[in-house]
Structure formats: C-alpha cells, structure tokens
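Only one structure is covered here, and it is reproduced in the block below.
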Amino acid sequence: MSPTSVRKHRMPVNDSGFYGDGRFGGAFVAPELKANLDELADAYYEAMADMNFMNEYRQLLRDYVGRPTPLYKAERMSCHYGTNIYLKREDLNHTGAHKINNAIAMGLLARRMGKRRVIAETGAGQHGVATATVCALLGLECTVFMGETDIRRQRHNVERMLMLGAGVKSVKAGTGTLTDAVNEALADWCRNRSEAFYLMGSAVGPHPYPEMVAEFQSVISEEIKAQVPVLTGKPLPDYVIACVGGGSNAAGAFFNFIDEPSVRLVAVEAAGLGVETCKHAATMTLGSEAVLHGSRTLVIKDNDGGVAEPYSISAGLDYPGVGPLQAWLAASGRTSVLSATDCEAIAAAYRLTRLEGIIPAMESSHALAALDKLQFNPDDVVVVNLSGRGDKDIDTFLSHKCTE
Ligand SMILES: *Cc1c(COP(=O)(O)O)cnc(C)c1O
C-alpha cells in the first residue's frame, strides 16, 4: 500500500531519478535495495509536502546550525582580484561545513519513518561527524562505516564520532577508503532494511538520494539569492563557484540559479597532482559514463575499464564518481568545469588565510583556486561557496610547501 505522494521535482529530474535528457541518474540496485529506496522516496515526498516537517527542519537550521550563514564581502580578496568577491560562509555552520544541512533533514526523516538506527559512510569523516551529531541530537543509534586507511588518516574525526556516541566500523576491503565504505554500508542496509535508515552524505547514489541531498542543501542558494540584492544592489550574482566531490555543496549553491542563465556556475574538481597524471579526481573533466553506487554517472576508469582509484590531497574530493545532477549540468554545458591541483588549492588557502584571516577547508580551497583561472570585470559579483573550515586540514597545510 504505497501512498500516492505528490512527486514535486524542483530540479531537472523525472520520477525515476534520471536527469536532463536521461543519460544520468536512476537507481541501479538489487531488488531488495529497490524496496528500501521506494519506501524512502514515498516518505521523502510526503515529508516535503508536510509543513510541520519543513518547519522543524527550518527551525533547527536556524537555532542549531546557525543559519542563515553570512554572505561576506572579502574586501582584501576583492582588491587582489580586481572584482567583488563574496564568500558564502558555510564554514560557520555547526560542525564546520555544509554537510549538517542535509544530515539534519535526513535525521528528521529517519525519525519520522520510525527508524531507530542510522547507517552512514564517511571518507574524511566530515559526514560521519555530521551524522553522529544529528543522531545524538535526535536520540538515534548511529553506525558509521569508514575505510581502514581513512580511519588512520582522520584520527581526530573518528574521536569526535566516538565521543558523540556513534559506532565506527572499520572497512578492510579494497583500499580501505570511501568507495569500500559505501559498499559495506549499502550491504548493511540491505540486511537490516526494516529498522535502518541510510543517511547519504553527498548528492550521489541511487534515486532518490541525489535529489534529496540537493534539495536539503538548496537552502545555500536560497540564501545567496536573497542576500545578493541587499548587499550589492544587483539582482543576481555574475558567478557562483563551488568545489565538487560528490556534488552536494555545489548542488546547494547552484540550485536556485540553474534557471537563471545570466549566472555563470563554475564547478571545480580536484586535479590532484595534475589531470595529465593518473593521480587526480577530475571526474567531469576526464570521466566516462558508468554505473557507480547505483547511479549512472561520470566515473574515472583505469586502463582495464574498472573504477579507478582517485587521488586528491583533499579527502572530501577523493571520490571516483560525481552525482548525476552535476554530471548533467556539466554535460549540458550549464556549468563550466574547472579543476585545481593540490598545490593550487594550498596556495589559494594561504591567500585567503593571509588576506582575510579565514582558514578554508582543503575542499573549499579548490573553489578558491578557480579565482586565479577566471577573468572578472570590476563590477562583477563573484560568490564562492566556502563549504567548510580548515581546522581539520592544518597539519596538511603546514607540511606542504607549495605556497608562494
Ligand atoms: C565533504 C565536503 C566536500 C565535498 O562534498 P560535496 O558533496 O561535493 O559537497 C566539500 N567541502 C567540504 C568542507 C566537505 O566536508
């Protein structure tokens, strides 16, 4: 007895989760998982139409996360680049990044569906921390799957998750990184479908996840759209720039501008040691179509046609695929795709830190690096989505010598 929920899509996606012309998206999963996803989709569309659900979400965004986040005019950066640079301060959110926006909404949805247990995967640990935080807030049991290698690399975030009461499951398969953690988490969800809720951390995976995550991050561009006219006197920004790992902060920053053709949307991915090397995570620049984690999207492949091991100095961008919305926006030409190397990102991080006193996350530093690759007019309004803060990355910044 499936409720006839109203499926209102606010983005270019159909009921089966395919984007644009249908090349990207969908739900390529085993039949048992499909049942979970159908149940989830019904609950999601119902919740979106429920004022009480949305009010509780909005209230927590305001009082718990600290929204709206400021749109800050970076004066010294503006001077440096000869234009008007505005930073969307997602770094000021509780837990230090945009991921909490989505985790809060999904936690509320889990509770609404009567699920006691939340499963998540994490690479850098940022999504694990956001999920563990929300589970503590809502009194839900939390299991976070994390690759063995990542656990070693991200000790501090593992400790935060443990303090928050989450169980951290070490995944030894494969290379012990994010891709392996996703596989284990999905398998666990399959085994425990009636009591568990899978809390996806980025706009990836099978439908309805990419649509849900983009929707729950869309508050970012909703706020930018309201803030730009007040701060600049212009109706719209000229540029919105965001980094892309799976594509959730970019989805949030672009969402309400997709239908505004005058706004140039710039997606920045990780070029690692360089797109000409095999050490990168430049999925949209170099990827080809394949199914990854239940979704048809752009994936970087190795010489045998398998999924390549991606590389970026930034753990949050170190993913071999990208969400289907970003794949479609790039393929259709709506976004311009740039990439930044490890060194370019680190240099951009030092620039922001020394000019504005803001230490950006390594991921966000890739978006900042795009400022050096674009040509601006003096009266342009350029918005950079500062997806997170760099406290977690200080050791990496200090131990790398590619500053100017
Ligand atoms: C996880 C993370 C990202 C990358 O994920 P998206 O889904 O592409 O946004 C970017 N910035 C920060 C600070 C992150 O923690």
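Sequential numbering from 1 along the given sequence is applied to the chain's residues. Keep in mind that the numbers below use all heavy atoms, side chains included, and drop hydrogens, waters and symmetry copies. Whatever order the structure lists them in is the order used to number ligands and atoms, beginning at 1.
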Query raised in the report: To which of N249, L386, V213, N102 does the heavy atom nearest atom 9 (O) of ligand 1 belong?
Result: N249
Query raised in the report: So, the side chain of H366 versus the backbone of M362: is there a donor-acceptor pair under 3.5 Å, distance only?
Result: yes
Query raised in the report: Does the N or O separation between S364 and ligand 1 drop below 3.5 Å for any pair?
Result: no
Query raised in the report: Under 4.0 Å from ligand 1, counting heavy atoms only, is it the side chain of H127, its backbone, both or neither?
Result: neither
Report task. Provide the closest heavy-atom pair for R76 versus E356 in the form atom of the first, atom of the second, distance. Result -> N-OE2, 3.0 Å
Query raised in the report: Looking at CG of L33 and CG of L40, how far apart are the two atoms once the value is rounded to the nearest 0.5 Å?
Result: 11.0 Å
Query raised in the report: Any idea which atoms of ligand 1 are less than 4.0 Å away from a heavy-atom of G245?
Result: 8 (O)
Report summary line: Ranking Q126, E363, K99 by closest non-hydrogen atom to atom 14 (C) of ligand 1, top hit is K99
**Report entry** Min N/O separation G246 to ligand 1 under 3.5 Å
**Finding:** yes
Query raised in the report: If you count the atoms of ligand 1 from 1 in the order shown, which ones are under 4.0 Å from a heavy atom of S202?
Result: 6 (P), 7 (O)
Requested in this report: Using a strict 4.0 Å cut-off to heavy atoms of C243, name the atoms of ligand 1 that fall inside it.
Outcome: 10 (C)
Query raised in the report: How many angstroms lie between CD1 in I224 and CZ in F255, if you round to the nearest 0.5 Å?
Result: 13.0 Å
Query raised in the report: Within the structure, does K392 bring an N/O atom to less than 3.5 angstrom of an N/O atom in ligand 1?
Result: no
**Report entry** Other residues, nucleotides, ligands: >12 heavy atoms within 6.0 Å of E276 CD
**Finding:** yes
Report task. Check each atom of ligand 1 against the heavy atoms of G247 and keep those under 4.0 Å away; list them by number with element. Result -> 6 (P), 7 (O), 8 (O)
Query raised in the report: Which atoms of ligand 1 have any heavy atom of H98 under 4.0 Å away?
Result: 2 (C), 3 (C), 9 (O), 10 (C), 11 (N), 12 (C), 14 (C)
Query raised in the report: Any N/O of A250 closer than 3.5 Å to an N/O of ligand 1?
Result: no
Query raised in the report: Under the side chain to side chain donor-acceptor pair (under 3.5 Å) rule, what pairs show up with a residue in residues 320-337, not counting sequence neighbours?
Result: none
Query - Considering all heavy atoms, the nearest A47-L109 contact - result: CB-CD1, 3.7 Å
Report task. Determine whether the side chain, the backbone, both or neither of S387 has a heavy atom under 4.0 Å from any heavy atom of ligand 1. Result -> both
Query raised in the report: Parallel, tilted or perpendicular for H207 and H9, by the 30°/60° rule?
Result: tilted
Query raised in the report: Looking only at heavy atoms of M362, does any of them come nearer than 4.0 Å to an atom of ligand 1?
Result: no
Report summary line: d(D238 CG, R264 CZ) to nearest 0.5 Å is 6.0 Å
**Report entry** For A361, atoms of ligand 1 separated by under 4.0 Å from a heavy atom
**Finding:** 13 (C)
Report task. Measure the spacing between OH of Y239 and CD1 of I85 and express it to the nearest 0.5 Å. Result -> 10.5 Å
**Report entry** Residues forming a ring-ring contact (aromatic ring centres under 6.0 Å, His included) with Y319, sequence neighbours excluded
**Finding:** H293
Query - Top protein contact for atom 4 (C) of ligand 1, by heavy-atom distance - result: G316 O, 3.4 Å
Query raised in the report: If we only count N/O pairs under 3.5 Å, is G388 in contact with ligand 1?
Result: no
